[in-house]
Amino acid sequence: MGWWPFGKKEKTRRVVNDPLLKDNRTWISELRDICEMNFDSPPEARRHIRRMQVEWNDAANEGILSATNREGLESRAFRLLTCDDREWVNWLDDLDFWKAGWKPTIENED
């Protein structure tokens with residue numbers, strides 16, 4: 001019999017095979033939509049981005065969001081949270097920034 005009230009069960013990571021779950025493009029699209037809805041108010045958009053980071057963390061912990069996809073979302077969020085208002089508009093207009101597979105470029109400080 002499998003039920004015993006006094007033993008501890010091992011925590012297992014949930015494997016999700018639900019086709020209705022969000023894919024990477026959907027996560028990126030949601031981030032972009034929030035930014036574009038608040039293009040004239042970067043502080044408001046940044047508040048929403050911080051909320052989304054909590055959602056990404058929860059999804060990653062549940063096995064819904066892969067580590068690679070989360071890293072890509074966090075890289076974008078970092079750029080958007082730390083830039084000034086002039087750079088903000090440049091990031092929103094950069095089409096490559098919003099494509100799946102975007103990676104930050106390393107700038108040489110020579």
Could you report the tightest heavy-atom contact between A100 and N24, atom names first, then the distance? CB-ND2, 3.9 Å
Atom pair CD1 (I34) and OG (S29), whose distance is rounded to the nearest 0.5 Å: 10.5 Å
Evaluate the criterion side chain to side chain contact (heavy atoms under 4.5 Å, CB included) for residue pair L65 and L73; output intermediate values, then yes/no. CA-CA 10 Å; L65 180 62; L73 290 167; 4.0 Å; yes
Applying salt bridge (charged side-chain N to carboxylate O under 4.0 Å, His left out) to D96 and not counting sequence neighbours gives K99
Would you say S41 and N38 are linked by a side-chain donor-acceptor pair, where the criterion is simply a distance under 3.5 Å? no
When you compare the side chain of T68 with that of E71, does any pair of heavy atoms fall below 4.5 Å? no
Validation row: E44, H48 side chains within 4.5 angstrom (heavy atoms): yes
If a pair satisfies salt bridge (Lys or Arg N to Asp or Glu O under 4.0 Å) and one of its residues is in residues 76-91, list it, with sequence neighbours excluded. R46-D85
Residues in salt bridge (charged side-chain N to carboxylate O under 4.0 Å, His left out) with E36, at least two apart? R32
Hey, does P42 have a side-chain heavy atom less than 4.5 Å from the side chain of L80? no
Nearest-0.5 Å distance that lies between atom CD in Q53 and atom CD in E74: 4.5 Å
Geometric class of the W102/W91 ring pair [parallel <30°, tilted 30-60°, perpendicular >60°]: perpendicular
In the structure I gave you, are the side-chain heavy atoms of V89 and F39 within less than 4.5 Å of one another anywhere? no
Roughly how far, to the nearest 0.5 Å, is CG of D23 from CD1 of I64? 13.0 Å
Distance-minimising heavy-atom pair for I49 and A77: CG2-CB, 3.7 Å
Quick one: does W98's side chain get under 4.5 Å of C35's, heavy atoms only? yes
Examine W27 and M37 and state if one hydrophobic cluster contains both, with Ile, Leu, Val, Met, Phe, Trp and Tyr joined whenever side-chain heavy atoms are less than 4.5 Å apart. yes
